[in-house]
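Heads up, the thing below is written out as structure tokens.
Computed from a prediction, not measured in an experiment: that's the story for all the values here. As the structure lists them, so they are numbered: ligands from 1, and atoms in each ligand from 1.
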Amino acid sequence: MKEQMMKQTEKFVKDKLRNESSGHDWYHIYRVKNLALNIAEKENADHFVCVMAALLHDIADEKIAGTEEEGLKEVKQWLESISVEKSYITHILSIISTMSFKGGNGKEMDSIEGKVVQDADRLDAIGAIGIGRTFAYSGAKGQLMYDPEIPVRETMTKEQYRNERSTAINHFYEKLLKLKHGMNTPYAKKLADDRHAFLENFLEQFFEEWEGRK
Ligand code: ADP
Ligand code: NI
């Protein structure tokens with residue numbers, strides 16, 4: 001039963017995100033789902049809720065749904081249409097709506113499953129994958145990979161975060177290097193430490209090469 005629901009949901013999301021170019025492509029969802037399962041195993045969280053919330057977490061994103069409200073409605077309708085139990089629907093929707101607050105202004109997740117899925121989403125923004133996504137996003141937005149004349153922004157509003165010009169390298173300082181401090185679960189913290197170290201090594205090498213020293 002649940003197996004079938006997860007399969008159907010996977011297909012639903014895959015179809016919806018097929019032509020998505022806003023950094024929320026299907027393979028981001030695929031990785032977050034696998035990470036969430038992996039963390040759920042270690043943290044004794046409910047697998048079904050974690051997988052369903054991971055699969056659906058970006059459907060309610062403003063960039064995809066128009067408004068968050070519309071997106072949440074669509075997710076609810078989907079879950080009802082495949083006969084997911086009411087208490088599960090409430091839980092999954094609560095995770096998705098809490099997660100989608102942007103710019104570090106998020107509320108604390110109030111269930112272990114919420115913590116797991118949020119950790120999985122944040123992990124996908126760091127490490128080798130995070131570096132790849134950052135450069136891909138920058139290219140898509142027409143940002144330079146680095147410009148020493150554009151200062152790193154210490155604080156910013158949600159609008160500045162979305163709309164002001166930055167660079168791929170600045171994004172490391174404005175977001176990526178901060179993520180490991182926000183991890184909820186012990187296992188995700190461990191994974192984040194490794195991915196964080198990878199970012200730092202990358203930056204060190206980048207600046208050596210930038211100055212032609214290596
Ligand atoms: P999410 O909402 O899942 O945090 P975003 O839509 O903010 O993701 O970003 C998608 C991907 O692009 C992430 O890997 C993120 O780190 C990266 N990204 C977001 N904003 C920028 C930016 N200004 N410059 C470079 N990369 C960015
Ligand atoms: Ni995401």
Side-chain angles (χ1 to χ4, degrees), residues 9-10 13-14 16-17 20-37 39 50-68 71-72 75 92 95-107 109 114-147 150-184 188 192 195-196 198-199 202-203 206:
T9 302
E10 185 165 320
V13 174
K14 209 169 170 175
K16 259 193 97 67
L17 298 185
E20 205 26 67
S21 57
S22 63
H24 298 88
D25 58 290
W26 160 249
Y27 288 105
H28 164 62
I29 306 300
Y30 168 86
R31 294 187 300 265
V32 172
K33 180 205 59 168
N34 286 338
L35 268 171
L37 256 180
I39 303 166
C50 289
V51 168
M52 293 296 272
L55 286 173
L56 293 163
H57 84 271
D58 273 337
I59 297 291
D61 193 286
E62 287 162 3
K63 285 181 252 94
I64 291 161
T67 68
E68 192 188 325
L72 288 172
V75 171
I92 293 164
I95 293 173
I96 296 173
S97 58
T98 314
M99 258 180 84
S100 63
F101 283 101
K102 292 286 147 56
N105 306 316
K107 280 192 292 187
M109 303 301 295
K115 291 182 174 154
V116 166
V117 180
Q118 188 175 55
D119 281 352
D121 194 32
R122 287 176 172 167
L123 280 167
D124 201 53
I126 54 179
I129 294 281
I131 295 174
R133 289 180 78 202
T134 297
F135 283 89
Y137 181 103
S138 282
K141 293 273 163 178
Q143 288 183 165
L144 284 176
M145 69 171 180
Y146 181 50
D147 180 346
I150 300 180
V152 169
R153 297 166 294 179
E154 300 296 336
T155 56
M156 58 199 137
T157 63
K158 191 168 145 183
E159 283 65 37
Q160 284 175 312
Y161 173 67
R162 285 276 171 239
N163 304 323
E164 255 178 32
R165 229 164 70 85
S166 183
T167 69
I169 291 295
N170 283 15
H171 189 64
F172 282 64
Y173 298 95
E174 292 170 355
K175 176 176 172 188
L176 309 190
L177 291 169
K178 295 175 179 168
L179 287 176
K180 87 163 182 173
H181 306 290
M183 292 294 154
N184 303 301
R195 290 183 183 221
H196 187 96
F198 194 88
L199 296 182
F202 174 84
L203 286 171
F206 185 95

Proximal heteroatom of [X] relative to the Ni ion (ligand 2) (N/O/S):
X      : result
His57  : NE2
Asp121 : OD1
His28  : NE2

task = Below 4.0 angstrom from a heavy atom of Arg133, which ligand 1 atoms are there? Numbered from 1 as shown, please.
result =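 Every atom of ligand 1 under 4.0 Å from some heavy atom of Arg133: 10 (C), 11 (C), 13 (C), 14 (O).
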request  = Can you sort out which atoms of ligand 1 are near Ser138, meaning under 4.0 Å from one of its heavy atoms?
outcome  =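 Close to Ser138: 24 (N), 25 (C).
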task = Return the minimal non-hydrogen interatomic distance between Ile29 and Ala54, and the atom names on each side.
result =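 In terms of heavy atoms, the two residues are closest at CG2-O, 3.9 Å.
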ask   = Has Gln143 got any heavy atom lying under 4.0 angstrom from an atom of ligand 1?
value =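 It does, in that a heavy atom of Gln143 comes within the 4.0 Å cut-off of ligand 1.
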inquiry  = Below 4.0 Å from ligand 1: does a non-hydrogen atom of Ser166 turn up there or not?
reply    =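 Not so, Ser166 does not reach ligand 1.
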query = Going from NE2 on His57 to CD on Gln118, what distance comes out if it is rounded to the nearest 0.5 angstrom?
reply =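 Interatomic distance, His57 NE2 to Gln118 CD, rounded to 0.5 Å: 10.5 Å.
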query = Counting only heavy atoms, which portion of Leu176 has something under 4.0 Å from ligand 1: side chain, backbone, both, or neither?
reply =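 Leu176 to ligand 1: side-chain contact only, backbone stays beyond 4.0 Å.
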query = How does Lys175 reach ligand 1, if at all, at less than 4.0 Å between non-hydrogen atoms: by side chain, backbone, both, or neither?
reply =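 The answer is the side chain.
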request  = Kindly confirm whether the Ni ion (ligand 2) is within less than 2.8 Å of some N/O/S atom in Asp124?
outcome  =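 No N, O or S atom of Asp124 is closer than 2.8 Å to the Ni ion (ligand 2), so no.
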key: Side chain Arg153, main chain Glu174, donor-acceptor under 3.5 Å   =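 The answer is no, because no donor-acceptor pair under 3.5 Å joins these two groups.
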key: Test item: Asn184 side-chain N/O and Met109 main-chain N/O as donor-acceptor pair under 3.5 Å   =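 Between the backbone of Met109 and the side chain of Asn184 there is no qualifying donor-acceptor contact (under 3.5 Å).
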task = Please examine the side chains of Ser166 and Gln143, heavy atoms only from C-beta on, and report whether any two atoms are closer than 4.5 Å.
result =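 The answer is yes, as the side chains (C-beta and beyond) meet within the 4.5 Å cut-off.
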query = Is there a side-chain contact between His196 and Leu176, using heavy atoms and a 4.5 Å cut-off?
reply =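 Contact flag for His196/Leu176 side chains = no.
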key: Partner of Leu56 by side chain to side chain contact (heavy atoms under 4.5 Å, CB included), out of Leu72, Val117, Val75   =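 With Leu56 as partner, Leu72, Val117, Val75 yield a single side chain to side chain contact (heavy atoms under 4.5 Å, CB included), made by Val75.
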